[in-house]
4 protein chains.
Amino acid sequence: MTGTTPAVPSRSDAVRNRRLLLDAAAKTFAERGVEVSIGEIAQRAGVGKGTVFRHFSSKEELLAAIMLGMLDELVGTGTALLAEGDPGRALHAFMTAGVEIFVRDRAFCEVIGRPSLQNPQVRDAIDRLCDVAEALTARAREQGVVRPDVTGTDVALLLGGIQRTAESLLSAEPQAWRRYLELAFDGITTHTGRTLPHPPPRHLPLAAPAADHGR
Amino acid sequence: MTGTTPAVPSRSDAVRNRRLLLDAAAKTFAERGVEVSIGEIAQRAGVGKGTVFRHFSSKEELLAAIMLGMLDELVGTGTALLAEGDPGRALHAFMTAGVEIFVRDRAFCEVIGRPSLQNPQVRDAIDRLCDVAEALTARAREQGVVRPDVTGTDVALLLGGIQRTAESLLSAEPQAWRRYLELAFDGITTHTGRTLPHPPPRHLPLAAPAADHGR
Amino acid sequence: MTGTTPAVPSRSDAVRNRRLLLDAAAKTFAERGVEVSIGEIAQRAGVGKGTVFRHFSSKEELLAAIMLGMLDELVGTGTALLAEGDPGRALHAFMTAGVEIFVRDRAFCEVIGRPSLQNPQVRDAIDRLCDVAEALTARAREQGVVRPDVTGTDVALLLGGIQRTAESLLSAEPQAWRRYLELAFDGITTHTGRTLPHPPPRHLPLAAPAADHGR
Amino acid sequence: MTGTTPAVPSRSDAVRNRRLLLDAAAKTFAERGVEVSIGEIAQRAGVGKGTVFRHFSSKEELLAAIMLGMLDELVGTGTALLAEGDPGRALHAFMTAGVEIFVRDRAFCEVIGRPSLQNPQVRDAIDRLCDVAEALTARAREQGVVRPDVTGTDVALLLGGIQRTAESLLSAEPQAWRRYLELAFDGITTHTGRTLPHPPPRHLPLAAPAADHGR
DNA sequence: GATGAATGAGAATTCATTCAT
DNA sequence: GATGAATGAATTCTCATTCAT
């Protein structure tokens with residue numbers, strides 16, 4: 001209903017294959033990035049290439065399905081953390097979980113927030129992510145833990161930025177991202193009195209292709 | 001003298017074509033990223049494909065030449081800023097210049113700090129960049145503007161992270177990166193009393209291939 | 001099972017295409033030598049270029065498959081001739097069959113015994129060829145038909161030499177090679193009392209690249 | 001007069017460059033075969049690529065000039081050997097000198113007698129070579145040293161065949177060709193009573209392209 | 001439904017030859 | 001005359017996607 005591909009197949013072997021496929025694709029995309037060939041994913045899943053295209057009408061859509069899963073997992077984590085008593089601690093835990101996803105998954109880094117990923121379901125999931133990030137941020141802001149001009153979207157955007165900062169260190173120092181998470185956390189929690197120079201974004205617009213770079 | 005490719009050819013037509021080529025490549029890489037084909041760059045420069053390979057023995061080398069120019073420009077800016085009286089202001093200006101390069105150039109973002117870029121000259125330029133970043137950072141640190149546990153390499157790494165944070169906003173709001181630059185600057189200038197959780201990196205190791213992601 | 005490429009695909013269309021491909025490649029290599037492009041072979045087989053690479057992972061491998069077939073055919077002929085009562089006649093028939101392959105196939109001439117052909121299966125087939133040549137030669141030697149200092153490897157090497165001797169005559173006189181086969185056969189069967197000046201080779205070492213010529 | 005390229009340039013630097021070029025081309029072709037690029041030869045000669053084409057209107061023509069020199073050297077050797085008292089010894093020495101050229105020069109092997117080399121001057125030189133080979137062979141034949149049905153052209157053709165026989169051994173055993181020279185020499189000197197099955201060729205026809213294989 | 005075979009556009013790179021300097 | 005810059009056709013190989021089995 002949300003595309004050309006049935007969300008859930010009826011035959012039991014089809015259900016099983018879809019599961020195998022998602023698992024194999026998740027692992028392969030995570031390790032090798034979006035450039036992996038469909039053939040390799042199919043092989044790793046133990047199915048034929050045609051089966052991939054039966055379940056997902058394009059590579060793009062398969063990738064989107066994987067992203068969706070990760071985004072929703074993070075949304076779930078954030079939602080659960082809303083129950084945590086200490087708003088600052090909750091926000092920190094949420095950011096930790098978010099950066100961990102980026103650190104763990106190469107394809108996720110490569111496409112999240114990039115114009116190449118136009119899938120509407122993913123956009124919706126990103127909106128949900130911003131919402132839960134905003135909820136967590138609002139609590140912390142109200143308690144004075146976070147500076148008043150920082151939003152949930154800022155927080156969501158920072159996740160990828162933190163991973164990117166640490167990226168070249170990670171193979172030698174897999175935990176290096178924690179350093180930059182802390183730096184960023186200090187940046188948003190501290191109130192220096194200065195106001196941030198640019199108004200906070202409301203949505204992540206997934207810019208039109210080829211427009212996110214170059215003047 | 002700096003490799004297999006003469007840095008500057010002697011004949012006037014070659015000089016002119018090299019210039020056209022570098023300009024076209026810089027623009028094309030900046031706008032479209034490293035995936036652009038040599039054919040497109042050649043076309044844009046108004047020369048044949050073969051001419052590209054006469055001047056640069058591979059696509060990789062052409063890309064490295066472009067990167068080198070940008071890195072050295074930034075190193076020059078940083079060096080000049082060492083003469084600025086206010087260390088904090090100098091560091092801020094340096095970071096602004098750095099992020100601007102990332103924001104302007106898609107290919108730069110795609111390869112800096114990634115294992116795919118193994119060119120030794122580029123590595124040297126990155127070392128120089130870290131050196132000047134360290135010099136600027138040390139001055140600011142000594143004056144108490146920057147927290148004692150932040151290094152020049154941290155600062156260099158942050159440049160890409162700041163761009164990445166703003167990336168998806170830039171097509172709609174080209175100046176949005178300034179917001180995240182400020183956030184990051186606050187993060188490094190403020191001393192909350194907490195110590196950063198991971199020891200500061202000394203070098204940018206240009207991580208071993210295929211190891212910067214995945215578990 | 002004999003490498004990365006399945007020796008025989010299971011689907012009938014694949015079997016058919018593989019057959020078309022091998023036939024087209026064999027003919028084209030035979031007529032035009034190793035320099036023919038994959039595109040031409042594909043065209044001649046009536047398939048797309050990609051299909052060639054599906055069946056054989058590189059041009060090199062396709063060529064090796066063709067060579068292997070011819071070598072094994074000759075090994076089979078030699079083995080059958082071991083049952084022939086007259087050892088001299090059997091050896092002669094083997095050499096005839098061998099030179100005929102060289103005469104028929106340009107690519108075979110171009111790569112057999114050359115360092116460019118490193119395929120281990122082909123090397124094994126050449127070893128088998130030397131073995132059967134040695135078996136045939138030994139029988140003839142024991143009967144005094146062949147001089148005592150001539151080996152099976154000599155015989156194997158002579159096959160290419162005989163074709164090469166006649167090569168420039170063949171387009172005008174397709175049977176001219178028989179003349180030089182006879183000359184060579186007389187050379188190995190006669191015992192003049194003189195000893196050959198160089199010790200007989202045991203193996204065909206497939207010389208290290210770039211070392212088979214030049215001082 | 002024999003082409004578009006002046007046989008001998010008049011300016012002294014041109015004379016010198018032609019010499020440098022021929023020397024460099026001879027060495028390079030000998031070591032690396034006909035596939036070497038003109039650029040490499042030019043570099044080795046210390047001249048520009050354009051200079052090569054000023055002296056020789058195509059790569060083909062440069063190659064022919066080199067071949068010509070080697071053929072004429074061998075013709076000279078053969079002519080001198082006509083003065084040797086022992087006809088068998090003279091023929092043997094001639095063949096030794098001939099095979100040595102093939103062994104020493106990779107490009108020579110690759111093109112002599114092949115349809116790709118259509119140069120008329122080279123054809124004439126090959127005719128001269130056959131003539132001197134015939135003169136040497138005739139003397140030996142008349143003395144009963146060589147069988148009556150072997151001609152000078154047979155001898156000329158055998159030179160390449162002998163090299164080809166030994167080819168794959170030469171990197172490990174640089175003198176291995178002597179073994180096959182002896183075998184061939186025994187073949188032509190012995191008279192077994194059998195008659196060679198194919199009539200002797202008179203000329204080396206340099207077959208039309210693409211016709212020397214196939215069928 | 002599953003399979004994997006076929007396709008063919010597209011990429012980087014090489015090099016003989018031409019021609020402006 | 002000498003130079004070396006420019007050219008562009010040609011090559012091998014990859015891979016998302018389609019479709020016959």
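What's counted below: heavy atoms across the whole structure, side chains too, no hydrogens, waters or symmetry copies. We name chains A, B, ... by the order of the sequence lines, and we start the count at 1 in each one. Being a predicted model, the structure only gives us computed values, none of them experimental.
Straight-line distance from the CG atom of Leu20(C) to the C1' atom of dA5(E): 13 Å, rounded to whole Å. Rounded to an integer number of Å, the gap from CD of Glu40(B) to P of dA11(E) is 9 Å. The interatomic distance linking Ile41(C) (CD1) with dC13(F) (C1') rounds to 14 Å, in whole Å. One interatomic measurement links the two molecules: CG of Leu21(A) to P of dG4(E), which rounds to 13 Å at whole-angstrom precision.
In this structure, Arg16(C) has no side chain to side chain donor-acceptor pair (under 3.5 Å) partners at least two apart in sequence or on a different chain. When the side chain to side chain donor-acceptor pair (under 3.5 Å) test is applied to Glu40(B), the partners found at least two apart in sequence or on another chain are Arg32(B). For Phe29(C), there are no ring pair (Phe, Tyr, Trp, His ring centres under 6.0 Å) partners, not counting sequence neighbours. Residues meeting the side chain to side chain contact (heavy atoms under 4.5 Å, CB included) test with Ala42(D), sequence neighbours left out: Val47(D), Lys49(D), Val52(D).
Between Thr51(C) and the phosphate of dT7(E), there is a side-chain N or O to OP1/OP2 separation shorter than 4.0 Å. Side-chain N/O atoms of Asn17(A) include none lying less than 4.0 angstrom from OP1 or OP2 on dG1(E). For dG1(F), neither phosphate oxygen OP1 nor OP2 lies less than 4.0 angstrom from any side-chain nitrogen or oxygen of His55(D).
Looking at Leu71(B) and Ile112(B), their side chains come closer than 4.5 Å, going by heavy atoms from C-beta outward.
The residues Glu31(B) and Lys27(B) are annotated as not salt-bridged, no charged nitrogen and carboxylate oxygen being separated by less than 4.0 angstrom.
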Tell me, for nucleotides 12-21 of chain E in 5' to 3' order, what letter each nucleotide earns: B for a base near a protein heavy atom under 4.0 Å, S for only sugar-phosphate near one, - for neither?
SBB-SBB-B-
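Of the residues near DNA chain F, Val52(B) and Val52(D), the one whose nearest nucleotide (by heavy atom distance) lies more toward the 5' end is Val52(D).
Ser58(A) and Phe53(A) make their closest contact through CA-CE2, 4.1 Å (heavy atoms, listed as atom of the first residue, atom of the second, distance).
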Evaluate salt bridge (charged side-chain N to carboxylate O under 4.0 Å, His left out) for Arg106(D) paired with Glu110(D), printing each intermediate quantity in order.
CA-CA 6 Å; Arg106(D) 185 166 156 184; Glu110(D) 285 169 359; 3.2 Å; yes
For DNA chain E, just give me the dot-bracket, please: Watson-Crick or G-U, both distances below 3.5 Å, ( ) intra-strand, [ ] crossing earlier pairs, | paired with another strand, . unpaired.
.||||||||||||||||||||
